[in-house]
*Asks:* 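Please find one structure pasted underneath; my questions will follow.
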2 protein chains.
Amino acid sequence: MPRNDKKMKNSQLYKGSLNTIIMKLLEENGKMYGYEITQKVKGITQGELNITEGALYPALHKLEAEGLLDVEIEKVDNRMRKYYKLTESGQKETVNRLSELEDFIRNMQSLVNPSPKLEF
Amino acid sequence: MPRNDKKMKNSQLYKGSLNTIIMKLLEENGKMYGYEITQKVKGITQGELNITEGALYPALHKLEAEGLLDVEIEKVDNRMRKYYKLTESGQKETVNRLSELEDFIRNMQSLVNPSPKLEF
DNA sequence: TATTATGTATAAGAATCTTATGTATATTTG
DNA sequence: CAAATATACATAAGATTCTTATACATAATA
């Protein structure tokens, strides 16, 4: 009966990174639909990151409301798909978000793996 | 009049990483007090990450309540300091958290910087 | 025929953080 | 010397993001 019994062991660390992930994937692939994004992320992370629908769809709607994404509905095999792509504004913002992500990763690496103290 | 005018441009990306940062610093430095942690993080990240008290102190209290940290109060220069250190349980958990962080960083790098498609 | 996969959606609640305060002492600056 | 800044802890209200659960619907598979 339970339709969704896949265990999400996603650590709290991923919190806050979903928007950046979505925008990066759209920048790379032109247009994608929600379900496709979840599968793509699962593939790239070898099953380690499973985006839940409860997180994904509200995020997509919000990015659209902010004018960063455009949507285009298609019907494939009698099933609805909502393709999202970056707007011009979204493309510019993606550059900023990716830059922030690089800073973030660099900072986290500095914290976790501090450069060894110089000895003389 | 405004006592706290430092701008926190911290992106949402850091959300969820505070506990891991705290535990790693304690693992590295033995014992630290709250204010010291904020200054250390600011230093390591060259001012890019400023932990707010509103995030830090509740996090420390929670880690203590979970049995991962021990606290020890000292008075220095007539000012109170609460030194925190990892419990045994906290040390074990730190290993897990750091492992999770490494996975997280690796996955984010895979997403942002995908290995180029092989061409023949 | 029942389950799994595909596909989108929302609501309730949890977790984490920002912002704004509050309290107190020490040090530095105008 | 008075005011501002630095040091040091604390909490409450609200925002944001996510998990969990549920809902609906069609296609493919067991």
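Heavy-atom basis, side chains included; hydrogens, waters and symmetry copies ignored. In what follows, every chain begins at residue 1, and chains take the letters A, B, ... in the order their sequences are listed.
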*Asks:* Within the side chain of A:Gln91, is there an N or O that forms a donor-acceptor pair under 3.5 Å with the backbone of A:Glu88?
*Replies:* no
*Asks:* Check A:Leu60 against A:Gly34 and note the closest heavy-atom contact, atom names and distance.
*Replies:* CD1-CA, 4.1 Å
*Asks:* Donor-acceptor pair, B:Asn50 side chain versus B:Gly47 backbone, under 3.5 Å?
*Replies:* yes
*Asks:* Could you state the NZ-C1' distance from A:Lys15 to D:dC18, rounded to the nearest angstrom?
*Replies:* 4 Å
*Asks:* Could you please name the option among D:dT20, D:dT26, D:dT16 that lies closest to any side-chain atom of B:Gln12?
*Replies:* D:dT16
*Asks:* Tell me what A:Lys75 touches on the nucleic acid: a base, only sugar-phosphate, or nothing, going by heavy atoms under 4.0 Å.
*Replies:* nothing
*Asks:* Nearest whole angstrom, please: distance from the P of D:dT17 to the CG of A:Leu13.
*Replies:* 17 Å
*Asks:* Over all strands shown, is A:Leu18 touching base, sugar-phosphate only, or nothing at heavy-atom distances under 4.0 angstrom?
*Replies:* sugar-phosphate
*Asks:* Let me spell it out: for each of A:Ala55 and B:Glu36, pick the nucleotide of DNA chain D with the closest heavy atom. Which residue's pick is nearer the 5' end?
*Replies:* B:Glu36
*Asks:* Side chain of A:His61 only, please: which of C:dA9, D:dC9, C:dT16 is the nearest?
*Replies:* C:dA9
*Asks:* Can a side chain N or O of B:Lys62 be found less than 4.0 Å away from OP1 or OP2 on C:dA15?
*Replies:* no
*Asks:* Please report, rounded to the nearest Å, how far the P atom of D:dA23 is from the CD atom of A:Glu53.
*Replies:* 15 Å
*Asks:* Which one, D:dA27, C:dT16, C:dT8, comes nearest to the side chain of A:Asn78?
*Replies:* D:dA27
*Asks:* Figure out the CD/P separation between B:Glu66 and C:dT16, and round it to whole Å.
*Replies:* 8 Å
*Asks:* Can you see whether A:Tyr83 has A:Lys31 sitting over its ring - NZ or CZ less than 6.0 Å from the centre and within 45° of the normal?
*Replies:* yes
*Asks:* Take atom CG of B:Asn50 and atom C1' of C:dC17, then tell me their distance rounded to the nearest Å.
*Replies:* 14 Å
*Asks:* Using a 4.0 Å heavy-atom cut-off, does A:Thr38 contact any base of the nucleic acid, only the sugar-phosphate backbone, or nothing at all?
*Replies:* nothing
*Asks:* Taking the side chain of A:Arg79 as its heavy atoms from C-beta onward, which of C:dG7, D:dA8, C:dT8 lies nearest to it?
*Replies:* C:dG7
*Asks:* Considering every strand and a 4.0 Å limit on heavy-atom distances, what is the contact class for B:Gly54: base, sugar-phosphate, or nothing?
*Replies:* base
*Asks:* How close or far is atom C1' of D:dC18 from atom CG of A:Asn19, stated in whole angstroms?
*Replies:* 11 Å
*Asks:* Quick check for you: among C:dA5, D:dT11, C:dT16, whose closest atom lies nearest to any side-chain atom of B:Tyr57?
*Replies:* D:dT11
*Asks:* How many whole angstroms separate atom OH of A:Tyr33 from atom C1' of C:dT6?
*Replies:* 8 Å
*Asks:* Below 4.0 angstrom from OP1 or OP2 of D:dT19, is there any side-chain N or O of A:Thr52?
*Replies:* yes
*Asks:* Indicate yes or no for a side-chain donor-acceptor contact from B:Ser99 to the backbone of B:Val95 under 3.5 Å, with no hydrogens or angles considered.
*Replies:* no
*Asks:* How many whole angstroms separate atom CE of A:Met80 from atom P of D:dT26?
*Replies:* 12 Å
